[in-house]
Amino acid sequence: NTNRIAGFAGTMLSRELETPSVKADEKGETMPMKRQEVIDNHIQFAEEMLDKLDGLGKNEDAAAMVNSSRALYSFMLPVYKKEYTELAKLYDESASKEKIAALDAQIKEQYGAKFEELYNDLISNGKLYAAKHKIAVNWAE
């Protein structure tokens, strides 16, 4: 499932950090999530996906799709752990908008193109696999 990662190094994740989701506290009152919690959720998801991929048996038919998925999540995880964690800290510590915008732009510049390349490779391999096995998929195109 690539829906959760589609905004990596792009505007969707930037917006998610600008206006984080809300959560309920112990009293049931809602409060915004800390940005670090948002990034921690992304880290957890990426690690879970890598674990699932590592747990798959050998299947030559799905090898290209699995390998491209593994490459994508392996690329994203260190960025979440370093740059996005740094960005979350800036938000959580109420850093200046300029400092936040500069790091956000740096992440997009440094990682956006490679993410798109890996993401498109995964989608391409997924389409081939789905077509070969007659699996109906809504690719949201």
Side-chain angles (χ1 to χ4, degrees), residues 1-59 61-141:
N1 182 354
T2 58
N3 293 338
R4 272 197 68 189
I5 61 171
F8 182 87
T11 55
M12 286 175 56
L13 188 50
S14 295
R15 275 188 254 145
E16 186 178 357
L17 290 172
E18 286 172 15
T19 54
S21 299
V22 294
K23 65 177 184 174
D25 64 12
E26 305 83 42
K27 299 175 186 173
E29 297 177 23
T30 59
M31 56 188 275
M33 291 175 69
K34 291 194 177 298
R35 273 47 173 232
Q36 187 57 56
E37 292 173 292
V38 172
I39 296 304
D40 287 345
N41 286 339
H42 283 284
I43 290 170
Q44 180 183 357
F45 180 75
E47 289 175 338
E48 287 173 1
M49 293 301 104
L50 281 169
D51 285 345
K52 286 180 181 180
L53 289 166
D54 289 342
L56 293 176
K58 298 270 186 207
N59 179 340
D61 205 27
M65 183 174 56
V66 170
N67 290 338
S68 59
S69 185
R70 186 177 286 113
L72 179 60
Y73 283 103
S74 294
F75 169 76
M76 294 168 54
L77 191 56
V79 182
Y80 280 137
K81 288 183 174 182
K82 185 177 183 310
E83 287 86 350
Y84 272 117
T85 293
E86 291 171 11
L87 184 58
K89 184 176 179 181
L90 291 177
Y91 272 108
D92 289 340
E93 294 177 352
S94 301
S96 71
K97 289 182 181 185
E98 294 79 18
K99 203 169 187 176
I100 290 169
L103 182 53
D104 185 58
Q106 177 189 333
I107 293 169
K108 289 174 185 168
E109 175 69 27
Q110 190 169 353
Y111 300 107
K114 182 67 173 178
F115 169 78
E116 287 297 319
E117 176 187 326
L118 293 169
Y119 182 83
N120 290 335
D121 185 55
L122 174 57
I123 297 299
S124 186
N125 285 320
K127 286 179 179 180
L128 291 172
Y129 183 87
K132 182 176 181 178
H133 295 278
K134 296 178 177 50
I135 301 169
V137 179
N138 179 357
W139 296 103
E141 297 177 315

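The aromatic rings of Y80 and H42 sit parallel, their planes meeting at an angle under 30°, below the 60° perpendicular limit.
Aromatic pair Y119/F115: ring centres closer than 6.0 Å. Ring to ring, Y84 and F8 are close: their centroids are under 6.0 angstrom apart.
Classification of E86 and K89 as a salt-bridged pair fails, no side-chain N sitting under 4.0 Å from a carboxylate O.
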| said: Under the criterion side-chain contact (heavy atoms from CB on, under 4.5 Å), I'd like the reasoning laid out for M33 against N41: C-alpha separation, chi angles, the key distance, then a yes or no. | reply: CA-CA 11 Å; M33 291 175 69; N41 286 339; 3.3 Å; yes
| When you look at R4 and E16, which way does the salt bridge (Lys or Arg N to Asp or Glu O under 4.0 Å) test go after all the steps? | CA-CA 11 Å; R4 272 197 68 189; E16 186 178 357; over 6 Å; no
| task | Mind running side-chain contact (heavy atoms from CB on, under 4.5 Å) on S74 and L50 for me, showing each step along the way? | result | CA-CA 7 Å; S74 294; L50 281 169; 3.6 Å; yes
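We find the CG-NZ distance between L87 and K99 to be 12.0 Å, quoted to the nearest 0.5 Å. Separation of atoms NZ (K132) and CG (L128) is listed at 9.5 Å; rounding is to 0.5 Å. Note that CD of E98 is 12.0 Å distant from CG of L90, once rounded to the nearest 0.5 Å. For the atom pair OH (Y91) and CD1 (I39), the distance works out to 10.0 Å, reported to the nearest 0.5 Å. For the atom pair CD (E93) and CD (Q36), the distance works out to 10.0 Å, reported to the nearest 0.5 Å. For the atom pair OG1 of T2 and CG of L72, the computed distance is 8.5 Å after rounding to the nearest 0.5 Å.
In plain terms, the two heavy atoms of G10 and S14 that are nearest each other are O-OG, 3.1 Å. Smallest separation of non-hydrogen atoms from A130 and V137: CB-CG2, 4.0 Å. Among all heavy-atom pairs drawn from L118 and A71, the shortest one is CD1-O, 4.0 Å. A pairwise comparison of heavy atoms in E83 and L103 identifies O-CD2, 3.9 Å as the closest pair. Annotation for K108 and A9: closest pair CG-O, 3.5 Å, computed over non-hydrogen atoms. Between D25 and M31 the shortest heavy-atom distance is CB-SD, 3.7 Å.
Judged purely by atom type and a 3.5 angstrom limit, D104 has no side-chain atom pairing as donor or acceptor with the backbone of I100. Judged purely by atom type and a 3.5 angstrom limit, N120 uses its side chain to pair as donor or acceptor with the backbone of E116. In terms of modelled atom types and a separation under 3.5 Å, the side chain of R35 and the main chain of D92 share no donor-acceptor contact. Judged by distance alone, the side chain of T85 and the main-chain N or O of K81 form a donor-acceptor pair under 3.5 Å. Within the 3.5 Å criterion, the main-chain N or O of R15 finds a donor-acceptor partner in the side chain of T19.
For the side chain to side chain contact (heavy atoms under 4.5 Å, CB included) with V66, the qualifying choice from N59, L53, N125, L122 is L53, the only one to do so.
Residues K23 and T30 are not in side-chain contact: their nearest non-hydrogen atoms beyond the backbone lie 4.5 Å or more apart.
At most 12 non-hydrogen atoms from other residues, nucleotides or ligands lie less than 6.0 angstrom from NZ of K52.
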